[in-house]
Structure formats: C-alpha cells, structure tokens
Number of protein chains: 2
Amino acid sequence: MRKKSKSQKVYDYIEELVISGEIKPGERLPSEAKLGEILEVSRVSVRAGIEKLSAIGLVSKKKGGGTYVNKPKNDNYLSVFTPTLLHNTDYLEMMEIRRALDSLSVQLCAKNITESGIRKLGEIVDSMENIENEYDFFELDKKFHLLISKYSKNRFLHNIHLIIWDVLQKTLRTKYNTVTRQDHSTDRVEEHQDIYQAIVHKDEDLARIYTVRHLERIIDTFNCEYNEAYYEAKKEEKKKH
Amino acid sequence: MRKKSKSQKVYDYIEELVISGEIKPGERLPSEAKLGEILEVSRVSVRAGIEKLSAIGLVSKKKGGGTYVNKPKNDNYLSVFTPTLLHNTDYLEMMEIRRALDSLSVQLCAKNITESGIRKLGEIVDSMENIENEYDFFELDKKFHLLISKYSKNRFLHNIHLIIWDVLQKTLRTKYNTVTRQDHSTDRVEEHQDIYQAIVHKDEDLARIYTVRHLERIIDTFNCEYNEAYYEAKKEEKKKH
DNA sequence: TGCAAAATAGTTGTATTATAAGTGTGTTAT
DNA sequence: ATAACACACTTATAATACAACTATTTTGCA
C-alpha cells in the first residue's frame, strides 16, 4: 500500500473526529496550528486537508473565526454525502430515496444485464444463505445492490448508489445497534433470491416489485424498532419521577 | 456581494477551462506556478483552489507529473457531479434519474406542502405564461421543480435535486442548442399547471402521474431531435462522397 | 546508428517564516 | 451601563526553499 500523504492524514483524522462524534456539528475544530502540532505536520498540509473537507461540505471556514463542522442543514449541498447525517429520521429519508432509485436500477438491470453479470449476482445470493455475522451480511447486501446498479448501465445512477452505500457503511459504525438490528428478518435472504430470479427471467416489472417490497419491509421493521426504542426511552423517563 | 477569495478565483478559472472544453478530460493543467502567474496569485492560493477541484473529483494530481482533468469514468465517485459529463447519452441518463426522483418528491410535496408553499408555487406557474426567452423559462422551470423538492421535506432528496439542476445549468451554457431546443413545446406551461393543480388538491398520485408524463415528454422530444441531428450528420457525410 | 543509462528540467508535496485581515473577548474610558 | 479600544487568536495569502517524483533530453557505449 502506498504511503498516505500528509494532507490525507489530516483529512482522515478530522473525518474520524466528526464520525465518532468527538466534534459535533456546529462545533469548532482545533486551529490549524494546533492540528499541525497534534499530527506533526506543517500548517500547509493541515490547510490542504481541511480544504478538501471544506470542498465536500463537511466543514466551513471563517476567516479569523475558525473552522466549524457543518450542520446537516448547511447550504453547501455536497454535504448530502457527509457521513454525519444519518440519525433516525435521516435514515428513513435515505431509504425513501433508495426505494425510488433501486426500483429504477433493478428495472434497467433486468433489461441490460449480461450473462456474466447474472453469474456474479447468483454467487452473491448463494453465499448469503450461510452467513452468521451481521457485518458479512452487510457486505454481501451492499455488493448485491451495487452490482445491480452497475448493470443498470446508467453511470449517474450507479455513482449515486456508491455514495449512498458509502454513507450507510460509515454511519453503521457509529449506529450499529440502531440501524442494523432491523434486518435480522429471516425473510431477507429469500427477498434477495426473489429479486435475483426476476432479473434472471428478465422480468423488469417483477424485479421492481420485489425490490420495492424488500425495501418497504426494511423500512417497516426499522419503524417498529424505532418506536419501541422511543417508548422505552419514555418509560425510563417516567421511572425517574 | 462579498469579495471572492483567491482560491475561489483559481477554482472558477479552472472550472471554466474545463466546462468550455479548452482543457479536455485526460489533458494536463498548466503547472501551479504558471497558473499563479496567469491569475496573479501565489502558489498557495493556486494549490488551495486545485485541492478543492481534486476533492470533488474534477482533477487528479500526480506528484511530479502534473494535474490532470479526470475522465468521466474516474473512480472518484463525486465526479458524478462535475459538469463535464453531459453529452447526449448522459443527458438521457440524468433525465431517467429525474423521472424516478421527481415523482418521489412531487408525491411527498403534495403531502407536506404548506399554504405559503402553494402560493409561491402558484406565482411561478403564473409567470410562466408570459415568457419569451429560453433562459428565463429555464430559471422558472428550475425554481418550480426545486421548490417541489424542497417541500418534499426530505433533505437528501432536495440536495440531490440541487445538484442535478446545477449540473443541468452549467452544461446548458455549452450545449444550449442541443439540450434546450427540445423544450419549445407549447404544452410545457400546461404541464406545469397540471402538476400544480394536483398539488393544490393534495392528490399525490395524480401529481406523480403528471410529473412522469411531463418528464417523459421531454425525453421523447429530446430523442426525436437527437435522432434528427443524427440523420442530418449522416446526410452531410453522404454529400461528401 | 540504436539504445540504454544518466543528467536535467519541470512539477507537485511539504516546511518555514512573515504579514495581512477578520473575529472574539476582555478592558478601559466615558 | 455602554461604547470604544486593545489585544490575542485564527484564517488568508505570500515568498522562499527544498524534497520527491516524473518526463524529457542528452550522453555514452556498443
């Protein structure tokens, strides 16, 4: 593996601070000089790293004031793709978008997929059957849906999906309990098999229907857990009185 | 208006070079030193500007080799949103995504829009009736659809739409003839009125249907012109023999 | 002449130092 | 009490130097 550049070191360090929640949206970063001390790099490299983070909208700089972690509502619209946003309601909004985009990509995929693509997809579905840990399943799930979007032959669509899954993955690390528990359903393997079969038979409509059903089931499950958690929290509060 | 920063000056300058096609994907940018001379800024500022462009994936830097404009296929997926990509097929792919996302946002909008939102939307539709020049209509069109996505109350969705329209607008400047001529249809005002009315009556399904119809009409018109242009080109070629 | 090795020029990466310019806070003078 | 000011802190820009890497040109040998 190639050596990381100094500016990348800065970038990763700050991104980690934000993802882990050590610095929350609206809060200020250490000054450039301080970051330079901490990471043992020059201010030039610190600035280069921060410049990138600013370009993708994770932070905003204020001359003389400091550098701040952006709040989700920030106008810089590339901030859609920063990994800090996925709280509970954000997750639902994201899944709403997936419902729209996945149903498009699976439809196009069923039309455009090649024989070798079908083979690859089949392998993924097969390996889903004997999976025990959640992390591995997530990987397969990601591969499955990204492969579908790839064979949609719509480059934009695929790229948006890449971003969405990147955000999902990064968010997962910090919200593992909340977001992943929802998918313990025993149906989940079967759902993927259904989608796969529809693609094999080039049945665009059926593939779309199965995909929508799949995603809506995930959303429903999440909603239930979310409400449960909500009531739990309320119960805790009552105890205090 | 606030003064532009030096690094932003660099950013805009290079972006313009790429959009206008002066520097094509794969080609090399002037060196940092040269850019500094041209724009009369220090190398620090040049680097800051390029750093941003690199962060959003428009260019890639090679230590010792120079800075290159990325080809669309570049892996850095943020490059979806660089304005260089929209050739004819790209435009269609983009509209395919709009069909999926606009139908979602209009549906949510019909559910969530406020009274004041309806008023604003109405004003836009009204001003569409007496528009002569294409550029103004584009502006209204953009406002209309962005307002809808805003009242979808899904922040991700709205942000993606902001990006899409930003790309459309930037691309338009260079492909004015190809992309905009398609929308000279007399139906276009009426289509927006239909969508508006459906939203007013909070009829989610109807709003979605009108929106899909609207977008599919645009796609069809574009396809016709695209094919016409294609045949024209072929005819020209035949003449040469 | 052909070609490989080596020198060279050009380019980005990082460091250092200095200054300008904006922000925020605390202090002072009224 | 409040407005004006001073001061510390922070980011923005600049100039210079050198390191590290690349691409090209030149050199030297067969």
Side-chain angles (χ1 to χ4, degrees), chain A residues 1-15 17-18 22-71 74-76 79, chain B residues 1-15 17-18 22-71 74 76:
Chain A
M1 178 180 165
R2 244 174 61 233
K3 208 184 113 196
K4 242 197 315 201
S5 75
K6 302 288 176 80
S7 63
Q8 191 60 40
K9 191 177 169 183
V10 175
Y11 183 102
D12 292 342
Y13 178 74
I14 297 175
E15 189 189 39
L17 284 181
V18 177
E22 212 152 324
I23 304 181
K24 294 189 174 54
E27 291 180 359
R28 206 178 71 174
L29 259 55
S31 74
E32 296 176 351
K34 199 136 210 176
L35 284 168
E37 274 179 35
I38 296 172
L39 298 170
E40 294 176 316
V41 297
S42 77
R43 228 191 105 201
V44 178
S45 304
V46 173
R47 284 183 60 77
I50 292 181
E51 207 70 53
K52 274 193 190 173
L53 289 167
S54 155
I56 66 167
L58 186 64
V59 301
S60 288
K61 301 193 286 184
K62 209 163 51 169
K63 182 174 177 178
T67 305
Y68 294 81
V69 176
N70 280 337
K71 291 177 182 168
N74 193 290
D75 246 11
N76 184 336
S79 69
Chain B
M1 176 178 165
R2 247 175 57 232
K3 210 186 113 196
K4 235 193 328 196
S5 73
K6 303 286 174 83
S7 63
Q8 192 59 40
K9 190 177 171 184
V10 174
Y11 183 103
D12 292 342
Y13 178 75
I14 297 175
E15 189 189 39
L17 283 181
V18 176
E22 212 153 323
I23 304 181
K24 293 190 176 55
E27 289 180 1
R28 207 178 70 173
L29 259 55
S31 74
E32 296 176 352
K34 201 138 210 172
L35 284 167
E37 274 180 36
I38 296 172
L39 297 170
E40 294 176 316
V41 297
S42 78
R43 224 190 112 201
V44 178
S45 304
V46 173
R47 284 183 60 77
I50 292 181
E51 207 70 52
K52 277 192 189 172
L53 290 166
S54 157
I56 65 166
L58 186 65
V59 301
S60 289
K61 301 192 285 186
K62 208 162 51 170
K63 181 174 177 177
T67 305
Y68 293 80
V69 176
N70 280 337
K71 292 176 181 168
N74 193 291
N76 184 337

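Just so it is clear: chains get the letters A, B, ... in the order the sequence lines come, proteins before strands, and each one is counted from 1. Values in this document were obtained by computation on a predicted structure and should not be read as measured data.
Phosphate proximity of D:dT13 to B:Ser42: absent, as no side-chain N or O sits under 4.0 Å from OP1 or OP2. Contact check, A:Thr67 against D:dT11: a side-chain N or O comes under 4.0 Å of OP1 or OP2. Using a 4.0 Å cut-off, some side-chain N or O of A:Lys62 falls inside it from OP1 or OP2 of C:dG24.
At whole-Å resolution of the value, CZ in A:Arg43 and P in C:dT19 are 14 Å apart. Per the geometry, CD belonging to B:Gln8 stands 19 Å off P belonging to D:dT11, to the nearest Å. The interatomic distance linking B:Leu29 (CG) with C:dG10 (C1') rounds to 15 Å, in whole Å. Counting to the nearest Å, the P atom of D:dT13 and the CD atom of B:Glu51 are 14 Å from each other. Atom CD1 in B:Ile14 sits roughly 10 Å away from atom P in C:dT12 (whole-Å rounding). As rounded to whole Å, 13 Å separates atom P of D:dA12 from atom NZ of B:Lys6. In this structure, CZ of B:Arg47 is placed 5 Å from P of C:dG13, rounded to the nearest angstrom. A:Leu39 places its CG atom 11 Å from the P atom of C:dA15, with the value rounded to the nearest Å.
When distances are taken from the side chain of B:Lys61 to each of C:dG24, C:dG13, D:dT13, the shortest belongs to C:dG13. Relative to the side chain of A:Ser45, the nucleotides C:dA18, C:dA15, C:dT12 differ in distance, and C:dA15 lies closest. Of the listed nucleotides (D:dT13, D:dT11, C:dT12), C:dT12 has the atom at the smallest distance from the side chain of B:Glu32. Taking the side chain of A:Ser7 as heavy atoms from C-beta on, and the options D:dA12, C:dT12, C:dT14, the nearest nucleotide is C:dT14. Distance from the side chain of A:Lys63 is smallest for D:dT11 among the nucleotides C:dG24, D:dT11, D:dA15.
Atom-to-atom distance recorded for A:Leu58:CG and A:Tyr11:OH is 7.5 Å, nearest 0.5 angstrom. In this structure, B:Ser42 OG and B:Glu32 CD are separated by 10.5 Å, a value rounded to the nearest 0.5 Å. Separation of atoms CD1 (B:Ile50) and CD (A:Glu51) is listed at 11.5 Å; rounding is to 0.5 Å.
Checking B:Ala33 against B:Val44, the closest nucleotide of DNA chain C that is more toward the 5' end is the one next to B:Ala33.
Considering all non-hydrogen atoms of both residues, A:Glu22 and A:Glu27 come closest at O-OE1, 4.0 Å.
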Next item on the list: Any chance you could lay out the side-chain contact (heavy atoms from CB on, under 4.5 Å) test for A:Leu39 and A:Val46, step after step, and finish with the verdict?
Entry: CA-CA 9 Å; A:Leu39 298 170; A:Val46 173; 5.7 Å; no
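Judged by atom type and distance alone, B:Arg28 does not reach the base of D:dA23 through any side-chain donor-acceptor pair under 3.5 Å.
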